[in-house]
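One structure is given below, encoded as structure tokens.
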Amino acid sequence: MRRPVFAANWKMNIGPTEARAFMAAFTAKWTPRADRSLIFFPSALSLGTVVHALAGRSDIAVGVQNIWTEDKGAFTGENSAPIAAEAGARYTLVGHSERRHIFGETDEQTAKKCVAAVRAGLTPILCVGELLEEREQGITHDVVLRQLTAGLRELSDETIASMAVAYEPVWAIGTGKNATPEDASAVHRFIRDALIERSGIAGESTAILYGGSVNSTNCASLRAADHVDGLLVGGASLDVDTWARICGT
Ligand code: 13P
């Protein structure tokens with residue numbers, strides 16, 4: 001999955017009506033490009049609308065923002081991976097910082113969610129990243145390695161080769177304070193080495209995305225940074241023109 005990836009995480013924004021209008025405007029503006037992958041992560045409630053709006057646009061994929069560890073049953077309010085796949089999702093985020101820090105998702109759960117994703121035919125994008133105080137304590141690598149090792153624990157090397165990891169420092173998410181390209185490069189290099197240590201040559205194929213306050217001004221330098229294979233974007237993906245500009249970098 002080393003082709004550059006541009007992933008839009010809409011978080012809890014954009015209902016079906018707005019999603020339909022967004023996709024009409026975006027698909028009119030965006031010409032398919034073989035040299036990059038685009039993925040939208042809408043709210044689960046808008047996922048079907050986005051899938052429908054993208055019929056005939058095989059160049060743009062859709063993912064679900066979160067899944068539960070079990071396939072079905074009495075888990076009120078949760079998203080099942082097989083149901084998300086049936087609804088048209090091809091990817092899922094796992095371990096997003098908001099899941100970890102607002103909803104208490106554990107490393108153990110991220111491991112199970114990655115397994116549930118693969119079982120349902122969804123490609124996981126495992127999100128990792130340190131809190132500001134962890135960075136200040138100089139334990140960024142320890143935190144990232146712990147999250148990475150736990151999340152990937154049950155996965156085959158083949159899966160690891162075809163999935164993505166997103167490095168999203170928590171202090172950079174939604175704050176307007178992006179990591180510098182040099183900071184991102186250094187952590188991405190560390191993640192790449194850990195993936196190779198874990199999975200040998202397969203670890204060279206995993207895409208490593210950067211996320212955290214990416215916007216239309218900083219996207220080019222972050223995209224160009226060594227070891228950055230793509231971008232996972234929140235706020236700046238909510239505007240059609242801005243998002244199209246970012247996808248074009
Ligand atoms: P922002 O781009 O809004 O900082 O969000 C990043 C993010 O969490 C993407 O998953």
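Computed over heavy atoms, backbone and side chain alike; hydrogens, waters and symmetry mates excluded. As the structure lists them, so they are numbered: ligands from 1, and atoms in each ligand from 1. Values in this document were obtained by computation on a predicted structure and should not be read as measured data.
- When each of His188, Arg192, Arg3 is tested with Asp229 by the rule side-chain hydrogen bond (donor to acceptor under 3.5 Å, both in side chains), just one qualifies, namely Arg192.
- Classified by interplanar angle (parallel below 30°, tilted 30° to 60°, perpendicular above 60°), the ring pair Phe75/Trp68 is tilted.
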Provide, line by line, the atom pairs where ligand 1 and the protein bring an N/O atom each to a distance under 3.5 Å; else say none.
residue	atom	partner	partner atom	Å
ligand 1	2 (O)	Gly234	N	2.9
ligand 1	3 (O)	Gly235	N	2.8
ligand 1	4 (O)	Gly174	N	2.6
ligand 1	4 (O)	Ser213	N	2.8
ligand 1	5 (O)	Lys11	NZ	3.1
ligand 1	8 (O)	Lys11	NZ	2.9
ligand 1	8 (O)	His96	NE2	2.8
ligand 1	10 (O)	Asn9	ND2	3.0
ligand 1	10 (O)	His96	NE2	2.9
ligand 1	10 (O)	Glu168	OE1	3.1
ligand 1	10 (O)	Glu168	OE2	2.9

Would you sort out whether Thr159 and Ser156 count as a side-chain hydrogen bond (donor to acceptor under 3.5 Å, both in side chains), showing the intermediate values?
-> CA-CA 5 Å; Thr159 296; Ser156 67; 3.2 Å; yes
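- With respect to Arg245 and Asp239, no salt bridge is recorded, no charged nitrogen being found less than 4.0 Å from a carboxylate O.
- If you run side chain to side chain contact (heavy atoms under 4.5 Å, CB included) between Cys127 and each of Glu168, Glu98, Arg99, only Glu168 comes through.
- Ring centroids of Phe22 and Trp10 are separated by less than 6.0 Å, placing the two rings close together.
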